[in-house]
Amino acid sequence: MSETGTLELPSPDALRALGERLGMSLSDEEVEAYRSLMLGSIGSFAEIDNAPSALPAVPEGRSWWEPSEAENSHGAWYARCEIRTHQDGPLAGLRFAAKDNVMVAGLPLLNGSAILEGYVAEIDATIVARLLEAGATLLGKAHCEDLCLSGGSFTNFAGPVHNPRRRGYSAGGSSSGSAALVAAGDVELAIGGDQGGSIRIPAALCGVVGMKPTWGLVPYTGIAPIEPSLDHTGPITANVRDNARMLAVMAGPDGIDMRQSGAPAADYLAGLEEGVRGRRIALLREGFEAPGAQPVVVEAVRRAADRLEQLGARVEERSIPAHAEAGTLTLPLLAQGMFRTVLAGEGMGTGRPDIYPPEFGRRMSQWRDHADAMSPLAKLLTLAGAHIEAEAGTRYYAAAANQARRLRAEYDAGLEGFDALLLPTCPGVASPLPAPGANILETFARAAETSPNTQPFDATHHPAISVPCGDDDGLPIGAMLVGRHWDEATLYRLAFALEEASD
């Protein structure tokens, strides 16, 4: 590349060396022939450099400010603003925060990582535009974990996020700031993202409601991805009703995101108060036996099942043995997918008819310059992904994708005759934040301990909602309801009944 960023023709020596790296032995004659052929192609690339931007038009005149200590007592805000574009709409009067992997044009985006320090987003994510059009007011960007790769709340480059229910304890991750801001009452609504439980985990640990919709229901356009087959985004709110209202605005195809199949949004408020009499709920046995399961959590979720039964639902235990191994069998999707998309793919990957913000890609291409600042979990997934790529190619990624389809069928079979599965969102309540300088093994354990029940449903794409169902000495406990694909409405109906009974 030239100093101006224009692609230049390689010298004969550079082309010969490139060929050697690619396994080609080029003669002098071949070098000159290929340089001649490349000249025409590279020359045409200059037309792309000089063409008008194909990015969507972005609003002008937006301003933001760094939050003061007084307005950021939990460390949950990254940037503050006040953006309102419509006075009326279904969300008028409600305030929201955007997880800081979500692009808001003119506002900084850190994604919890030193790689993106100083980057300012070039576009609005589709869901940001939809929420603003629905009358909601954006109050800022909520901190998230380093590249969204932690179930704890201590890996952000800027510092930890504290649980509003108890300072010094994890708020969960990776949508740590989003859940903390809702739990603290700073906003009524927040955008979360979920590739292994990152909406549901912080919702459970902070005592709020988090919905991971069916994969593809909500457009992911304008959001920093991890792995396209795992990427989900959805609402985190203080109550079930607001969650349903928010999803109705966020959902539906945008004509850009290839994760979507054309499924429209629904009226998730309809039938919300019709009760659960006659509904059938399966207690997923293996979910209550997850690694690290705390008796107080198991008992709280079983009491939640009892409350639903008292309201007329039919509850019985059901075993899906595959649940115990689902996270392990699909882990290569996360590890290798993250490496290919976030790092080798310069933050976005390729192969999708997507929007590719050029400055975001340029910043992400420099990730090696900041690799030492990555969190232990981000480093582990980077090392693992690179090792798999080098030693096995696509073998394990492909095998995991095939396993995800098998697991999807296993859960579908387990849901036959039932409206939802019920299990603990997290095996335990929020744990203390690791002390500064804690060793790698401890920090990894704190980052990974929350996700054995949540991770499988990102790979199988089932909708799942976490709703508060109790606490342990003030630390919240979440119950997770998992439903059939595209049946978010039933999950909201069950979650609303549980919420009302818990109150």
Side-chain angles (χ1 to χ4, degrees), residues 56 83-86 88-105 123-139 141-142 144 148 175 178-179 181-182 187-195 198-200 202-203 208-225 231-270 272 354-355 458 461-466 483 485-489 491-492 495:
I83 300 173
R84 182 173 56 190
T85 62
H86 290 68
D88 301 316
L91 300 180
L94 298 179
R95 306 163 297 171
F96 76 101
K99 181 178 180 179
D100 192 38
N101 69 334
V102 177
M103 295 185 181
V104 179
I123 62 171
D124 277 348
T126 296
I127 54 175
V128 168
R130 287 180 175 179
L131 291 168
L132 290 171
E133 288 168 5
T137 300
L138 177 65
L139 291 192
K141 305 293 298 295
C144 61
C148 298
S175 307
S178 294
L181 290 169
V182 172
V187 292
E188 292 81 22
L189 320 171
I191 298 170
D194 201 311
Q195 284 89 359
S198 293
I199 289 173
R200 294 157 290 158
V208 294
V209 179
M211 167 67 89
K212 181 201 76 67
T214 306
W215 182 76
L217 178 63
V218 178
Y220 207 83
T221 305
I223 304 176
D231 291 332
H232 299 71
T233 184
I236 297 175
T237 60
N239 59 67
V240 173
R241 185 181 296 276
D242 281 348
N243 205 280
R245 295 167 66 191
M246 187 176 177
L247 182 63
V249 168
M250 298 170 71
D254 70 350
I256 300 171
D257 184 13
M258 53 72 64
R259 300 167 185 83
Q260 298 193 276
S261 62
D267 182 0
Y268 303 112
L269 292 174
L272 198 66
D354 211 328
I355 294 175
D458 288 280
H461 301 164
H462 289 84
I465 187 170
S466 181
H485 295 95
W486 316 112
D487 195 15
E488 284 78 6
L491 293 185
Y492 278 130

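The figures that follow rest on heavy atoms only: side chains count, while hydrogens, waters and symmetry mates do not. Sequence positions, counted from 1, serve as the residue numbers for this chain. Please read these numbers as outputs of a predicted model, since none were measured by experiment.
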Checklist entry - Taking NZ, NE, NH1 and NH2 as the nitrogens, is one of them in D458 or R200 under 4.0 Å from a carboxylate oxygen of the other? => result yes
Next on the checklist: For G210 versus A203, what's the shortest heavy-atom pair and its separation?
Outcome noted: N-CB, 3.6 Å
Next on the checklist: Please verify the inter-ring angle class for H485 with H462; under 30° counts as parallel, over 60° as perpendicular, anything in between as tilted.
Outcome noted: tilted
Item to check | Evaluation steps, side chain to side chain contact (heavy atoms under 4.5 Å, CB included), between I199 and H232 | outcome: CA-CA 9 Å; I199 289 173; H232 299 71; 5.5 Å; no
Next on the checklist: Let me confirm one number: the CG-CE distance from L491 to M211, rounded to the nearest 0.5 Å.
Outcome noted: 5.0 Å
Next on the checklist: Taking G192's backbone N and O only, do any of them form a donor-acceptor pair with T233's side chain (distance below 3.5 Å, no angle check)?
Outcome noted: yes
Checklist entry - Just by modelled atom types, is the G193 backbone N or O under 3.5 Å from a matching donor or acceptor in the S175 side chain? => result yes
Next on the checklist: Between D231 and I223, does the side chain to side chain contact (heavy atoms under 4.5 Å, CB included) criterion hold? Intermediate values first, please.
Outcome noted: CA-CA 9 Å; D231 291 332; I223 304 176; over 6 Å; no
Checklist entry - What distance do L139 atom CG and E188 atom CD have between them, rounded to the nearest 0.5 Å? => result 8.0 Å
Checklist outcome for this item: Tightest non-hydrogen contact, residues L269 and A244, listed as CD2-CB, 3.9 Å
Next on the checklist: Would you say S178 and K99 are linked by a side-chain donor-acceptor pair, where the criterion is simply a distance under 3.5 Å?
Outcome noted: no
Item to check | Heavy-atom check, side chain of Q260 versus side chain of P219, under 4.5 Å | outcome: yes
Checklist entry - Considering all heavy atoms of both residues, which atom of P253 and which atom of P264 are nearest to each other, and what is their separation? => result CD-CA, 4.2 Å
Item to check | Rounded distance [0.5 Å steps], CD1 in I465 versus NZ in K212 | outcome: 11.5 Å
Checklist outcome for this item: Rounded to the nearest 0.5 angstrom, the CG-CG distance for L94 and D242 is 5.5 Å
Checklist entry - If you look at every heavy atom in R259 and W215, which pair is closest and at what distance? => result O-CZ3, 3.5 Å
Checklist entry - Do F96 and L91 touch side chain to side chain, with heavy atoms closer than 4.5 Å? => result no
Next on the checklist: For T214, is there any backbone N or O sitting under 3.5 Å from a side-chain donor or acceptor partner on E488?
Outcome noted: yes
Next on the checklist: Quick check: do I83 and V128 have side-chain heavy atoms less than 4.5 Å from each other?
Outcome noted: no
Checklist entry - Do Y492 side-chain atoms and N243 backbone N/O form a donor-acceptor pair below 3.5 Å? => result yes
Checklist entry - Side-chain contact, heavy-atom cut-off 4.5 Å: M250 with P213? => result no
Checklist entry - Are the side chain of D124 and the backbone of A129 linked by a donor-acceptor contact shorter than 3.5 Å? => result no
Item to check | From CA spacing to verdict: side chain to side chain contact (heavy atoms under 4.5 Å, CB included), V187, V182 | outcome: CA-CA 5 Å; V187 292; V182 172; 3.9 Å; yes
Checklist entry - In Å, rounded to the nearest 0.5 Å, how long is the span from CE of M246 to OG1 of T237? => result 8.0 Å
Checklist entry - Passes side chain to side chain contact (heavy atoms under 4.5 Å, CB included), D354 versus M258? Steps please. => result CA-CA 7 Å; D354 211 328; M258 53 72 64; 5.9 Å; no
Checklist outcome for this item: So CG of L132 and OG1 of T85: to nearest 0.5 Å the spacing works out to 4.5 Å
Checklist entry - Between R84 and A92, is there a donor-acceptor pair closer than 3.5 Å when you use the side chain of the first and the backbone of the second? => result no
Checklist outcome for this item: When every non-hydrogen atom of P202 is compared with those of S198, the smallest separation belongs to CG-O, 3.2 Å
Next on the checklist: If you compare all heavy atoms of I355 against all heavy atoms of P56, which two are closest, and at what distance to 0.1 Å?
Outcome noted: CD1-CG, 3.6 Å
Checklist entry - Between L138 and V104, is any pair of side-chain heavy atoms under 4.5 Å apart? => result yes
